[in-house]
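See below for the structure under consideration.
Proteins get letters first, then strands, A, B, ... in listed order; numbering begins at 1 in each. Computed from heavy atoms alone, side chains included, the values below leave out hydrogens, waters and symmetry copies.
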Protein chains: 2
Amino acid sequence: MQSYEEVLVAIRQIIRGIDLHSRRLNKSTGLTGPQLVILQELEKGGEHFTIRELSQMVNLSQATVTTILDRLEVKDLVVRQRSTIDKRKVHVLLTDNGKELLSDSPKALQEEFIAKFQSLDNWEQNLLLSSVQRIAQMMNAEKLDAAPYLEVSSFTPEKK
Amino acid sequence: MQSYEEVLVAIRQIIRGIDLHSRRLNKSTGLTGPQLVILQELEKGGEHFTIRELSQMVNLSQATVTTILDRLEVKDLVVRQRSTIDKRKVHVLLTDNGKELLSDSPKALQEEFIAKFQSLDNWEQNLLLSSVQRIAQMMNAEKLDAAPYLEVSSFTPEKK
DNA sequence: GTCTATTTTTTTGAGTGCGAAAGATATATT
DNA sequence: AATATATCTTTCGCACTCAAAAAAATAGAC
């Protein structure tokens, strides 16, 4: 097996690992990864996000965010509020339910991964980081500028 | 930004890069990544795969492969053939159409990436490989044993 | 031989994801 | 004012992914 093949296999494994994690999360909390990420983004950033802003922060298309919000709204974790100033815009707010649920949810999406990663020596963390960034670059992904969606709010409850 | 966050961002970028690649591929060939992978797997491995075998080779669930085959069958690139010996089994064969299409298609899914990767020094390739494998492991993905297929979701609507 | 367990594929249901087009509203131009 | 253009969200269409349930067939136990 060529070594590039092995790289692709490993990437594929990572993708599936994330997917499986999201499914497990859904089993235990009723939320999937992207849903949780959106809730967390709402939590950490005040109240008045529009959907577009939200989608940019989370680095998903607006269409995708809309459908995820639909589900969150059905679960009563979130409400939409049409802006009165500019009626094209829609703001999204956490409900009390949503806030409560967040307080019980894992702070991080890839908790296990993060724990393992942080237990590494610094030099090793840096090595892994630069490797994966290198690969991202080679995939022509550098222009994408993805937000840290797979994971989590940093522990600092800092708003933007 | 914590360094684990940056790692997750990079992974996210990779995933999107792959996704975009698949969309471009679909535009140019009418096939998505997973579809192409399955065709290639059929091509390289003789004729008498069952669907289960195929799903294992490509490391997708059987359910997923079934739906992809549905689409390939509609496009007349592939045929299903119920086994006469064991009627539970279904073999999948390339049609002439499928073979022809394959001969025009890119041999590899991430051609650009592969080219770039292979232009690196050996030691660097190894470094990247072991890094990404390390991460896969930390994601608990090691048990998954993914095949080198690699394309996330993808799709590009045909014009109408 | 018949009944049950197992295997194999398909179906169902739920979720992610995107682009394009449609709907509404707002701003700029004429 | 009337028209055009820009912006924002939703809807539509479709692909991918999986687990679980259903369907079909075989294998094994009795």
Side-chain angles (χ1 to χ4, degrees), chain A residues 12 15-27 30-38 49-56 58-75 80-92 146 149-150, chain B residues 12 15-16 18-27 30-38 49-56 58-75 80-92 144 146 149-160:
Chain A
R12 176 70 196 146
I15 293 172
R16 289 196 81 188
I18 290 168
D19 185 32
L20 290 186
H21 183 277
S22 176
R23 283 168 206 275
R24 284 200 304 277
L25 184 74
N26 190 15
K27 274 242 162 76
L31 292 174
T32 63
Q35 290 172 12
L36 179 56
V37 169
I38 284 180
F49 294 143
T50 67
I51 295 189
R52 159 151 293 279
E53 286 162 354
L54 192 53
S55 74
Q56 283 166 345
V58 147
N59 204 250
L60 293 171
S61 76
Q62 206 161 302
T64 300
V65 172
T66 290
T67 65
I68 294 174
L69 286 178
D70 290 344
R71 286 180 207 108
L72 293 176
E73 213 170 13
V74 168
K75 292 180 195 170
R80 283 175 163 98
Q81 223 170 48
R82 202 113 218 160
S83 163
T84 46
I85 303 139
D86 183 342
K87 290 209 238 122
R88 289 170 305 182
K89 295 182 181 174
V90 173
H91 297 296
V92 186
Y149 119 49
L150 311 162
Chain B
R12 176 71 196 148
I15 292 173
R16 293 198 77 189
I18 290 167
D19 187 29
L20 289 187
H21 183 276
S22 179
R23 283 169 207 277
R24 285 200 302 276
L25 183 74
N26 192 15
K27 273 244 163 75
L31 290 174
T32 63
Q35 289 172 14
L36 178 55
V37 169
I38 284 179
F49 293 141
T50 67
I51 295 190
R52 159 150 293 279
E53 286 163 354
L54 191 53
S55 73
Q56 283 167 345
V58 147
N59 201 251
L60 293 170
S61 75
Q62 208 160 298
T64 300
V65 172
T66 291
T67 65
I68 293 173
L69 288 178
D70 290 345
R71 283 176 212 111
L72 292 176
E73 214 170 13
V74 167
K75 292 180 194 171
R80 282 176 164 97
Q81 224 171 47
R82 203 115 218 160
S83 164
T84 47
I85 303 140
D86 181 343
K87 289 207 240 142
R88 291 169 306 183
K89 295 183 180 174
V90 174
H91 298 295
V92 186
L144 289 176
Y149 104 63
L150 197 295
E151 285 288 339
V152 203
S153 78
S154 34
F155 163 64
T156 308
E158 335 250 347
K159 71 286 113 174
K160 39 191 51 192

Taking atom P of dG17(C) as reference, at what distance in whole Å does atom CG of L60(A) sit? 5 Å
Is the shortest side-chain N/O distance from T64(A) to OP1 or OP2 of dC18(C) below 4.0 Å? yes
N59(B) atom CG is separated from dC18(D) atom C1', nearest whole Å, by 12 Å
Roughly how far, to the nearest 0.5 Å, is the CZ atom of R24(A) from the OG1 atom of T32(A)? 14.0 Å
Among dT9(C), dT11(D), dT17(D), the one nearest any side-chain atom of A63(A) is dT11(D)
Look at the side-chain N and O atoms of K87(B) and state whether any lies under 4.0 Å from the OP1 or OP2 oxygen of dT7(C). no
Would you indicate whether the side-chain heavy atoms of H91(A) and T50(A) approach each other to under 4.5 Å? yes
Can you measure I15(A) atom CD1 to dG15(C) atom C1' for me and round it to whole angstrom units? 17 Å
Distance in angstrom units between I18(B) CD1 and dC16(D) P, rounded: 15 Å
From CD1 of I38(B) over to P of dT17(D), roughly how many Å is that when rounded to an integer? 8 Å
Toward the 5' end of DNA chain D, which comes first, D86(B) or V65(B), by nearest nucleotide? V65(B)
Determine whether any donor atom in the side chain of R23(A) lies under 3.5 Å from an acceptor atom in the base of dT17(D), or the reverse, and answer yes or no. yes
Spatial distance of atom CD1 (I51(A)) from atom OG1 (T66(A)) [nearest 0.5 Å]: 5.0 Å
It should be established whether R82(A) places a side-chain nitrogen or oxygen under 4.0 Å from OP1 or OP2 of nucleotide dA24(C). no
Any side-chain N or O of T32(A) below 4.0 angstrom from OP1/OP2 of dA14(C)? no
Under 4.0 Å: is that the gap between some side-chain N or O of Q35(B) and OP1 or OP2 of dC16(D)? yes
Taken to the nearest whole Å, CG/N26(A) to C1'/dA19(D) is 11 Å
Has the side chain of R88(B) got a donor or acceptor that lies under 3.5 Å from a partner of the other kind on the base of dT7(C)? yes
When rounded to the nearest 0.5 angstrom, what distance separates NZ in K75(A) from CG in L72(A)? 6.5 Å
Please determine whether a side-chain nitrogen or oxygen atom of T66(A) lies at a distance below 4.0 Å from atom OP1 or OP2 of dT10(D). yes
When we call it a touch if two heavy atoms are under 4.0 Å apart, what does T50(A) touch: a base, just sugar-phosphate, or nothing? sugar-phosphate
Once you round to the nearest 0.5 Å, how far does OG of S61(B) lie from CZ of R52(B)? 9.5 Å
By nearest heavy atom, map L69(A) and Q62(B) onto DNA chain D; which one lands nearer the 5' end? L69(A)
Spacing between R71(B) atom CZ and dG13(D) atom P, to the nearest angstrom: 16 Å
Are L60(A) and I68(A) side-chain neighbours, meaning at least one heavy-atom pair lies under 4.5 Å? yes
Select one nucleotide: of dT17(D), dG17(C), dT8(C), the one nearest the side-chain heavy atoms of P34(A). dG17(C)
R52(B) CZ to dC18(D) P, straight-line distance once rounded to whole Å: 12 Å
Residue met sooner reading DNA chain C from 5', once S22(A) and V90(B) are mapped to nucleotides: V90(B)
